[in-house]
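I have placed the structure first, in the form of structure tokens, so that the comments after it can refer back to it.
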Number of protein chains: 2
Amino acid sequence: MSANDLRVVKTKQALHNALLTLLSEKPLENITIAEICRVAKVNRGTFYLHYEQKEGLFEEYFQEIMEDLHNSYEEPYRAVTTLDKNQIDPKTIRIFHHIERFKIFYRIVFSKNVPLTYYYMLFDGIFSLLKRDITIHHKIHDEISIEYYSAYQANAIIGLIIQWYRQDFEDSVSTLNKQLAAILRIGEK
Amino acid sequence: MSANDLRVVKTKQALHNALLTLLSEKPLENITIAEICRVAKVNRGTFYLHYEQKEGLFEEYFQEIMEDLHNSYEEPYRAVTTLDKNQIDPKTIRIFHHIERFKIFYRIVFSKNVPLTYYYMLFDGIFSLLKRDITIHHKIHDEISIEYYSAYQANAIIGLIIQWYRQDFEDSVSTLNKQLAAILRIGEK
DNA sequence: TATTTTTATGAACATATGTTCAATATCTAA
DNA sequence: TTAGATATTGAACATATGTTCATAAAAATA
């Protein structure tokens with residue numbers, strides 16, 4: 001199962017396209033493996049050569065989206081000397097931008113019948129970004145575990161995103177930004 | 001499908017017991033509906049009369065656990081006059097106690113192949129508890145949406161629980177308590 | 001280009017899913 | 001206690017899942 005083998009590339013591409021086509025018609029939960037294979041014109045046995053479940057196929061997409069999250073966050077850091085009290089760390093707002101950019105996918109990621117896998121992929125993504133920043137910039141009291149602290153902060157942000165998702169991402173990125181800034185200000189006074 | 005009908009009660013009980021038996025042998029994902037029905041000696045068609053997926057059966061259990069969460073939190077509030085700086089709101093620590101008490105179930109709730117439904121049930125549970133407390137006790141700046149703020153706080157706590165789960169709940173409730181207290185203290189200075 | 005290695009295919013099989021229906025068993029309410 | 005209401009059953013059916021295997025097709029490499 002060499003990832004470079006042209007046959008493998010072709011097969012996976014066909015399956016990816018088929019999934020995308022079907023996703024525009026109905027939710028992931030109503031799509032069957034047999035269906036994907038029929039549309040992709042790929043033998044069903046071949047599917048099982050590469051994946052275990054249809055969810056694995058979507059996971060491959062989501063992997064790429066996680067790379068975008070990483071890249072967005074890593075963009076050349078434009079140091080802001082005096083932060084507007086109403087704005088938060090410019091690196092964090094990029095997370096919200098990223099979610100909005102891929103909201104079509106995040107509607108699937110946050111839908112209730114989908115496995116937790118994708119949630120954890122997002123969690124791990126934000127977790128590792130925050131953890132690195134927390135380790136570098138903040139000096140944290142000894143008694144705090146960086147792991148717990150990062151998990152706390154990462155999931156708190158996802159909490160905002162869940163709330164956002166539940167209104168179908170109607171609020172603007174800037175609203176999310178302001179809400180987070182205001183919440184963070186509460187502790188400071 | 002009257003919930004009081006003895007036949008319904010009996011059928012559901014048999015399915016519940018069968019699921020519990022099977023869960024002690026293997027993970028939820030490897031259990032089939034047909035298997036549950038065989039063990040429960042219930043016709044497979046009867047299963048579909050009450051549930052759509054095996055996950056719905058587990059959801060019924062989890063519903064009861066969510067009631068325990070609610071009750072734990074609602075326990076007569078023993079007002080603590082001087083809060084130990086290292087301890088957090090005594091109501092919140094009860095959440096950690098609750099998780100530990102039902103950790104057998106939470107290992108399922110947080111496992112990656114399970115649907116997000118249970119996560120949302122927990123989220124909604126903690127969300128509504130916090131929201132009520134936030135609305136009553138804290139006076140929040142106008143610009144903050146109580147919804148976003150509650151979602152932030154609720155999911156932050158679940159973030160700690162995820163981190164806790166990933167070490168198979170090895171840390172003590174008291175450790176979690178201290179970590180949260182320390183994290184909350186960061187913003188205060 | 002020819003040979004070797006690897007992947008994809010089609011067919012078949014046992015089992016699971018999801019649904020329907022008439023027949024039967026069991027409960028509720030009078 | 002009985003009559004009527006409703007839940008359960010068993011059987012059947014079409015389709016999906018997950019696996020195996022020999023064969024064919026296509027790629028890598030020498």
Sugar-phosphate, base or nothing in reach of A/K54, heavy atoms under 4.0 Å:
nothing
Between A/S2 and B/T32, who's closer to the 5' end of DNA chain C by nearest nucleotide?
A/S2
Would one find more than 12 heavy atoms of other residues, nucleotides or ligands at under 6.0 Å from atom NZ of A/K26?
yes
Give a yes or no on this: more than 12 heavy atoms of other residues, nucleotides or ligands lie within 6.0 Å of atom CD1 of B/I136.
yes
Please work out whether the ring planes of B/H16 and B/Y51 are parallel, tilted or perpendicular, with thresholds of 30° and 60°.
tilted
Answer yes or no: side-chain N or O of B/R7 and base N or O of C/dT26 forming a donor-acceptor pair under 3.5 Å.
yes
Taking any heavy-atom pair under 4.0 Å as a contact, classify A/T46: base, sugar-phosphate, or nothing.
base
Let me know, please, whether B/E35 or A/K12 comes out on the 5' side of the other along DNA chain C by nearest nucleotide.
A/K12
Measure the shortest side-chain to side-chain distance between B/F110 and B/R166 over non-hydrogen atoms and say whether it is less than 4.5 angstrom.
no
Shortest side-chain distance from B/D5, nucleotide among C/dC27, D/dG18, C/dT17:
C/dC27
Starting from P on D/dT15, measure out to CD1 on A/I31 and report it in whole angstrom.
19 Å
Over the length of the helix from C/dT1-D/dA30 to C/dA30-D/dT1, how much do the five-pair end axes diverge, rounded to 10 degrees?
40°
A/I33 side chain, from C-beta outward: closest of C/dT7, C/dT17, D/dT17:
D/dT17
If only atom types and distance count, is the side chain of B/Q179 paired as donor or acceptor with the main-chain N or O of A/E143 below 3.5 Å?
yes
For B/N43, answer base if it contacts any base atom (sugar-phosphate contacts may also be present), sugar-phosphate if it contacts only those atoms, and nothing otherwise; contact means non-hydrogen atoms under 4.0 Å.
base
Side-chain heavy atoms of A/V114 within contact of A/V109, under 4.5 Å:
no
If the cut-off is 4.0 Å, is B/Y48 near the phosphate of C/dT19, judged by side-chain N/O to OP1 or OP2?
no
Quickly work out the B/K10 NZ to C/dT26 P distance and round it to whole Å.
7 Å
Write down the distance between CD (A/E29) and C1' (C/dG18), rounded to a whole number of angstrom.
15 Å
Could you state the CE-C1' distance from B/M1 to C/dC27, rounded to the nearest angstrom?
17 Å
Separation of A/N30 atom CG from D/dA16 atom C1', in whole Å?
14 Å
Could you please name the option among C/dA16, C/dA8, C/dG18 that lies closest to any side-chain atom of B/A34?
C/dA16
Take atom NE2 of B/H50 and atom C1' of C/dG18, then tell me their distance rounded to the nearest Å.
16 Å
When you match A/Q53 and A/L6 each to their closest nucleotide on DNA chain D, which lands nearer the 5' end?
A/Q53
B/L49 CG to C/dT17 P: how many Å, rounded?
17 Å
Result for side-chain contact (heavy atoms from CB on, under 4.5 Å) between B/Y118 and one of B/Y106, B/F105, B/F62 points to B/F62
Side chain of A/R44 only, please: which of C/dA8, C/dT19, D/dT17 is the nearest?
D/dT17
Using atom CZ of A/R38 as one end and atom C1' of D/dT17 as the other, report the distance to the nearest whole Å.
13 Å
Can you label the angle between the B/Y119 ring and the B/F123 ring as parallel, tilted or perpendicular, going by 30° and 60°?
parallel
